[in-house]
Amino acid sequence: MLDKNGIAKRIAREVKDGMYVNLGIGIPTLVANYIPAGIHVTLQSENGILGMGPFPVEGEEDADFINAGKQTVTLLPGSSIFDSATSFGMIRAQKVDLTILGAMEVSEQGDIASWKIPGKMVKGMGGAMDLVASAKNIIVAMQHVNKAGESKLLKQCTLPLTGVKCIKRIVTEMAVLDVTPQGFKLLELAPGVSVEQVKNATAGRLIAEGNIPEMKID
Amino acid sequence: MSKVVNNVDEAIRDINDGANIMFGGFGLCGIPENCIAALVRKGVKGLTCISNNAGVDDFGLGLLLQKHQIKKMIASYVGENAEFERQMLSGEMEVELVPQGTLATRCMAAGYGMPAIFTPAGVGTEVAQGKEVRKFKFNGVEKDYLMEYAFDADFAIVKAWKGDTEGNLIYRATARNFNPVMAMAGKITIAEVEHLVQPGELNPDHIHTPGIYVHRIFQGEKFEKRIEQRTVRKKIKLHHKLLLFDNR
């Protein structure tokens, strides 16, 4: 089983040289820490940054420099700033190569639910609906099961949807899976995890063909 | 006729009960804090507010919420506000949640003189309920799009870093966010700026919002510019320029 940083490390391997990448809040943000040296990546923050840098050192934080999580950040040399319409314009027009975000549920059709639990406080979808509706390449980073032990990889989502038929790849603490017309296709297993364990933790159709390799994370 | 008003109270003089107002800003970054404070003082009620967020309990639009001045909030994310949650759950305030890109583009459409836009955001979700869906073949792919209307706001209130007496505006860093698209979208646009300068002092090539969109401008008396999530890293050498995003 992987911890949060393990999931982030595995996803970092999907990031290729030259990509423009949007990272969601939570585990996706951690991916930035594991992008291999030598790979040039430009991070997009949907409040209007391309070329987002690390957090500032103490004393250099500036209220006018924040990321989509409202955290103080810095800009890297070569960065640019733009308004919110331009930011979602580049997302809608698929200029952003890779989107990594969290989810509460993913269905075997690639539907995603991530913004609302009926009866609980609704905070809003932010930019998630725009991102999932347009991104050509989305990776979901999430736990395989929820806190109650129930699978988050379902036949159908039970929560209100963020987007339909849009998720292609999922990385959890147990496995890497692709959404295919036949169901969740098991691609890789986390160290120490068996196909049987993944099967038990997956409520949707799971396809496990042949010898499933172990994830490489370092 | 000068666009320059003497103070914030003059800038908001005709904002009355029931007004429909856009507020620039993302979180607490780039919000028109002087105008918000003046609207709280004026005590106008029944406002419809269009803003990406709703402030925090004691700053930004949260100040208007505290005084029960907001009737309806149109936003994409309203997380950091306990009073907001209370008023929403009790039904005191109506809330319309809009995907962030849709929110920005509905502002942009208004500023560009277009009544509606088509976007894929929200197709197949509850956001699509009651909306026209149309299929377009675009970039070789056939896909469903939602029709979303341009906003129709009485006032847009924005915050810029620098502005001149002609109403030309320049924003600073991510305090730009929704401000330029909202500035274009108001029937009356009010700009509060950190530095008000004379014509000729701003390079025309550097203007973000052309003055034609701005009806009133003034230099704010003070800007607190509160930071919502202060995150810093330790002063150590980074082995990769993107390292340490998780604030360890």
Side-chain angles (χ1 to χ4, degrees), chain A residues 23 29-30 32-33 35-37 41 43 45-49 53-73 75-76 81-85 87-89 91-92 94 111 116 121-131 133-134 160-165, chain B residues 26-30 52 75-80 85 88-89 95 97 99-105 107-108 119-127 139 161 171-181 208 225-235 238-247:
Chain A
L23 301 176
T29 304
L30 298 176
N33 296 341
I35 293 170
V41 173
L43 296 182
S45 185
E46 63 265 27
N47 58 318
I49 309 175
F55 295 137
V57 293
E58 190 149 10
E60 286 176 13
E61 61 272 34
D62 182 324
D64 289 341
F65 291 75
I66 65 164
N67 65 15
K70 284 110 186 174
Q71 298 168 309
T72 44
V73 290
L75 303 183
L76 294 173
I81 293 284
F82 34 85
D83 65 68
S84 301
S87 182
F88 283 94
I91 288 166
R92 220 179 279 118
Q94 302 192 327
D111 298 350
K116 183 177 181 180
M121 169 59 184
V122 182
K123 293 186 171 185
M125 67 292 280
M129 282 194 183
D130 307 272
L131 281 160
S134 294
L161 296 179
T162 309
V164 293
K165 296 189 175 76
Chain B
F26 183 94
L28 301 179
C29 181
N52 189 56
S76 88
Y77 189 82
V78 293
E80 341 298 339
E85 182 174 352
M88 181 167 100
L89 295 176
V95 178
L97 291 168
Q100 195 174 132
T102 301
L103 189 78
T105 313
C107 295
M108 191 200 79
T119 175
V123 167
T125 75
E126 61 183 52
V127 166
N139 288 334
W161 179 42
Y171 309 92
R172 180 168 179 271
T174 55
R176 191 181 317 182
N177 57 63
F178 281 83
N179 282 298
V181 283
H208 297 132
K225 294 176 68 167
R226 193 185 292 188
I227 293 175
E228 198 166 333
Q229 304 275 348
R230 186 180 300 272
T231 43
V232 295
R233 66 180 151 89
K234 298 237 168 60
K235 223 172 193 160
L238 304 177
H239 88 263
H240 189 287
K241 64 185 181 182
L242 298 177
L243 193 75
L244 293 170
F245 252 88
D246 63 345
N247 200 21

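What's counted below: heavy atoms across the whole structure, side chains too, no hydrogens, waters or symmetry copies. The structure presented is a predicted model; accordingly, all values stated were derived computationally and were not measured.
Options A:Gly48, A:Ala68, A:Ser87 differ in how many heavy-atom pairs under 4.5 Å they form with chain B, and the most are formed by A:Ala68. Across B:Leu28, B:Leu97, B:Leu89, B:Val181, the residue that shares the most heavy-atom pairs under 4.5 angstrom with chain A is B:Leu97. Interface remark: of the candidates A:Gly126, A:Ala85, A:Gly59, A:Gly126 forms the most heavy-atom pairs closer than 4.5 Å to chain B. Your options are B:Cys29, B:Gly124, B:Gly101, B:Gly79, and the one with the most heavy-atom pairs under 4.5 Å with chain A is B:Gly101. Note: A:Ser84 leads A:Ala128, A:Gly89, A:Ala133, A:Ser84 in heavy-atom pairs under 4.5 Å with chain B. Counting heavy-atom pairs closer than 4.5 Å to chain B, the top-ranked of the candidates A:Glu46, A:Glu60, A:Lys116 is A:Lys116. When each of A:Asp64, A:Ile91, A:Asp62 is scored by its heavy-atom pairs under 4.5 Å with chain B, the top score falls to A:Asp64.
Geometric assessment of A:Lys70 against the ring of B:Phe26 yields a positive cation-pi assignment under the 6.0 Å and 45° thresholds.
At distances below 3.5 Å, at least one donor-acceptor pair connects side-chain atoms of B:Asn179 with backbone N or O atoms of B:Gly30.
Proximity to chain B is limited to the backbone of A:Thr162, based on heavy atoms less than 4.5 angstrom apart. When heavy atoms are compared at a cutoff of 4.5 Å, B:Val78 approaches chain A by way of both its backbone and its side chain. For B:Val95, no part lies under 4.5 angstrom from a heavy atom of chain A. Both the backbone and the side chain of B:Arg172 come within less than 4.5 Å of a heavy atom of chain A. With a 4.5 Å cut-off on non-hydrogen atoms, A:Ile49 touches chain B through its side chain but not through its backbone.
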Problem set entry | Pair A:Gln94-B:Asn139, side-chain contact (heavy atoms from CB on, under 4.5 Å): steps then yes or no | CA-CA 10 Å; A:Gln94 302 192 327; B:Asn139 288 334; 5.9 Å; no
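At least one side-chain heavy atom of A:Val122 sits less than 4.5 Å from a side-chain heavy atom of B:Met88. Under the 4.5 Å side-chain criterion, counting only non-hydrogen atoms from C-beta, B:Thr102 is not in contact with A:Met129. With a 4.5 Å cut-off on side-chain heavy atoms, A:Gln71 and A:Phe55 count as touching.
Applying the 6.0 Å contact sphere to NZ of B:Lys225 captures more than 12 heavy atoms from other residues, nucleotides or ligands. More than 12 heavy atoms of other shown residues, nucleotides or ligands fall within 6.0 angstrom of atom CD in B:Glu126.
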